[in-house]
Participant: 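Following this message is one structure expressed as structure tokens.
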Amino acid sequence: MKTSGYTERLKGNDQRSEVWWDSSPAVYVPYKKHLLEKYPAASGCIEQLMPDTFSQPGGFSNVTTNPRLVTAVILEKREYWLSRFNLAKLAPQELRRKLYDEVIVQGAADLKQRWVQSGQCEGWISAQVDPVDVRCAERMTARGVALRQLSANVMVKVPASQEGLTTVEHLVAQGSSLNITFCFTVSQFKAGIQAIERGRVTARSKGVDTSHCKYVITFMIGRFGCQPELALQAAERGLTLSPEDLRWAELLVYEQIQALVSASSVPVKTLLSSIKVDVDERGNKHCWHLEKTGLSATCYTLTPEVVEFLIERESRGKPVFPAGEPLKPPVSTLAKLFRIPYFCEAYCLDGIEPYDFCNHEAFINTCNEANSAHRRLADFCTRLCPPVHAFSRSLSAIMAAEYGVLV
């Protein structure tokens with residue numbers, strides 16, 4: 001008899017829900033082996049969630065990557081990735097770009113059969129534009145075009161800054177599939193949906209086929225409640241927010257996002273990322289991001305750590321179930337949250353202006369993390385590639401090599 005796993009329970013609520021792999025496909029097989037060795041009693045659940053290849057039915061339908069994940073994969077197996085290129089003929093920036101693209105190309109190849117078999121509904125790999133370009137629509141658009149050209153099943157991942165949404169519109173108009181990321185507010189979702197729709201209108205006027213394109217907007221749910229600004233604003237009002245209050249804040253924003261997405265005629269889905277597992281005072285693990293969501297169509301991108309949480313719970317006979325009823329937050333929690341501007345700006349439909357999307361604290365901190373990974377890979381390449389002429393290195397290359405920063 002087939003075992004019912006989290007994905008099947010999720011689809012029991014809404015068949016349109018999906019589960020994605022939140023890491024490079026390069027680490028998929030080794031991680032499955034790790035889980036089978038650690039949880040032999042849950043082998044059936046592991047096989048169901050993680051078939052041997054992405055081409056097999058069930059399991060993860062798509063993959064999402066980011067600069068941090070790609071950099072980690074490259075640095076973990078440096079010789080493997082570097083063996084593809086002649087370092088003596090490449091400038092550091094060229095090598096960085098080629099290494100990054102190679103990880104995406106290999107991942108896309110792993111997913112291509114799934115993409116074909118599903119009629120392009122599944123089998124996508126999400127590849128992010130360079131985070132250093134978050135305020136430059138021209139460079140993000142050019143990079144997005146280049147990423148899309150790597151493989152037909154590449155979904156371009158663009159941050160939801162004001163400039164990023166301009167990029168979204170341009171790329172959608174050209175027939176690209178899109179993942180809008182760095183989203184923490186309902187306002188960003190509204191602007192993202194509008195950008196996709198404008199792009200689709202332009203595409204239709206130019207005869208560009210978008211019928212097989214896939215669009216998701218990522219709510220980085222676990223990053224919203226952990227920002228210092230939320231706790232600071234609460235303290236300034238004499239309020240104390242418990243860990244449960246913070247999770248309710250995230251879930252309430254998710255609920256508003258789902259209402260907006262459901263009411264839209266644009267074929268877009270919410271993708272939840274940065275999913276967090278919590279531990280109570282007795283040492284028991286739970287995950288409200290999985291257990292109190294999913295009543296309506298939702299996509300989830302699961303890190304290896306979250307996957308292990310699901311498998312560990314299955315192994316103990318205490319499986320994780322998605323939401324079975326609408327959210328019912330405590331009245332006292334609502335009263336506190338609606339006194340805090342940080343929450344209200346995210347919760348309300350027009351709570352934040354597009355110009356300030358990239359000034360949101362969660363956006364800034366997430367972007368800084370992505371930039372750190374970008375610089376780390378740039379530094380790695382700078383140390384490998386010798387300058388063409390002695391003393392001709394740019395200031396950016398010198399700063400990257402010596403201090404790990406770019407100017």
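One-based numbering along the sequence shown. Only heavy atoms go into these numbers, but all of them, side chains included; no hydrogens, no water, no symmetry mates.
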Participant: Would you indicate whether Gln93, at its atom CD, is surrounded by more than 12 heavy atoms from other residues, nucleotides or ligands within a distance under 6.0 Å?
Facilitator: no
Participant: Under the 3.5 angstrom rule, does the side chain of Asp379 hit a backbone N or O of Arg376 as a donor-acceptor pair?
Facilitator: no
Participant: Could Arg9 and Phe321 be counted as a cation-pi pair, given that NZ or CZ must be under 6.0 Å from the ring centre and within 45° of the axis?
Facilitator: yes
Participant: Measure from the ring center of Phe182 to the ring center of His360 and say whether it is less than 6.0 Å.
Facilitator: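 Ring centroids of Phe182 and His360 are no less than 6.0 Å from each other.
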Participant: Would a distance-only check, ignoring hydrogens and angles, find a side-chain to backbone donor-acceptor pair under 3.5 Å from Asn62 to Gly123?
Facilitator: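 Yes; judged by distance alone, with no hydrogens or angles, the pair exists.
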Participant: Can you check whether Met50's main-chain N or O pairs, donor with acceptor, with Lys32's side chain at less than 3.5 Å?
Facilitator: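 Checked: pair present.
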Participant: Tell me whether the count of non-hydrogen atoms from other residues, nucleotides or ligands lying under 6.0 Å of NZ in Lys98 goes above 12.
Facilitator: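 No, the 6.0 Å shell around NZ holds no more than 12 heavy atoms from other groups.
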Participant: Tell me whether the centres of the aromatic rings in Tyr342 and Phe224 are closer together than 6.0 Å.
Facilitator: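 So the answer is yes for these two rings.
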Participant: Check step by step if salt bridge (charged side-chain N to carboxylate O under 4.0 Å, His left out) holds for Lys336 and Asp245.
Facilitator: CA-CA 9 Å; Lys336 285 191 284 188; Asp245 290 333; 2.6 Å; yes
Participant: Is a donor on one side and an acceptor on the other found under 3.5 Å between the side chain of Gln56 and the backbone of Thr53?
Facilitator: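 Yes: the side chain of Gln56 pairs with the backbone of Thr53.
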Participant: Is it true that the NZ or CZ of Arg135 lies under 6.0 Å from the centre of Tyr355's six-membered ring and within 45 degrees of the ring axis?
Facilitator: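 Yes, Arg135 sits over the ring of Tyr355.
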Participant: Applying side-chain contact (heavy atoms from CB on, under 4.5 Å) to Val129 and Val156, what does each step give before you reach the verdict?
Facilitator: CA-CA 7 Å; Val129 299; Val156 183; 4.0 Å; yes
Participant: So, Lys38 and Glu312, do they make that salt bridge, N to O below 4.0 Å?
Facilitator: no
Participant: Please list all pairs passing the salt bridge (Lys or Arg N to Asp or Glu O under 4.0 Å) test where one or both residues lie in residues 341-359, with sequence neighbours left out.
Facilitator: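 Residue pairs passing salt bridge (Lys or Arg N to Asp or Glu O under 4.0 Å), neighbours aside: Lys190-Asp350.
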Participant: Kindly indicate, with the supporting measurements, whether the criterion salt bridge (charged side-chain N to carboxylate O under 4.0 Å, His left out) is fulfilled by Lys285 and Glu291.
Facilitator: CA-CA 12 Å; Lys285 295 180 179 180; Glu291 296 163 332; over 6 Å; no
Participant: Counting N and O atoms only, with roles assigned by atom type, does the side chain of Thr202 sit under 3.5 Å from a partner on the main chain of Arg198, one being a donor and the other an acceptor?
Facilitator: yes
Participant: State whether a side-chain donor-acceptor pair under 3.5 Å links Glu122 with Gln117.
Facilitator: no
Participant: Got a donor-acceptor contact below 3.5 angstrom from the Gln227 side chain to the Arg223 backbone?
Facilitator: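 Side chain of Gln227 to backbone of Arg223: a pair is present.
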Participant: Would you say CD of Glu94 has more than 12 non-hydrogen atoms from neighbouring residues, nucleotides or ligands within 6.0 angstrom?
Facilitator: yes
Participant: Output, in order, the C-alpha distance, side-chain angles, deciding distance and verdict of ring-ring contact (aromatic ring centres under 6.0 Å, His included) for Trp20 and Tyr300.
Facilitator: CA-CA 6 Å; Trp20 298 25; Tyr300 299 80; over 10 Å; no
Participant: Indicate the ring-plane relationship of Phe338 and Phe343, choosing parallel, tilted or perpendicular according to the 30° and 60° boundaries.
Facilitator: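 Perpendicular: the ring planes of Phe338 and Phe343 meet at over 60°.
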Participant: Can you tell whether the side chains of Lys11 and Glu18 come within less than 4.0 Å, N to carboxylate O?
Facilitator: no
Participant: From the options Arg96, Arg143, Arg148, select the one residue that forms a salt bridge (Lys or Arg N to Asp or Glu O under 4.0 Å) with Asp101.
Facilitator: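 Going through the options one by one, the only one that passes is Arg143.
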Participant: More than 12 heavy atoms of other residues, nucleotides or ligands under 6.0 Å from CZ of Arg16: yes or no?
Facilitator: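 At most 12 heavy atoms, drawn from other residues, nucleotides or ligands, come within 6.0 Å of this atom.
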Participant: Looking only at the aromatic ring of each residue, does the gap between the centers of Phe219 and Phe184 stay below 6.0 angstrom?
Facilitator: no
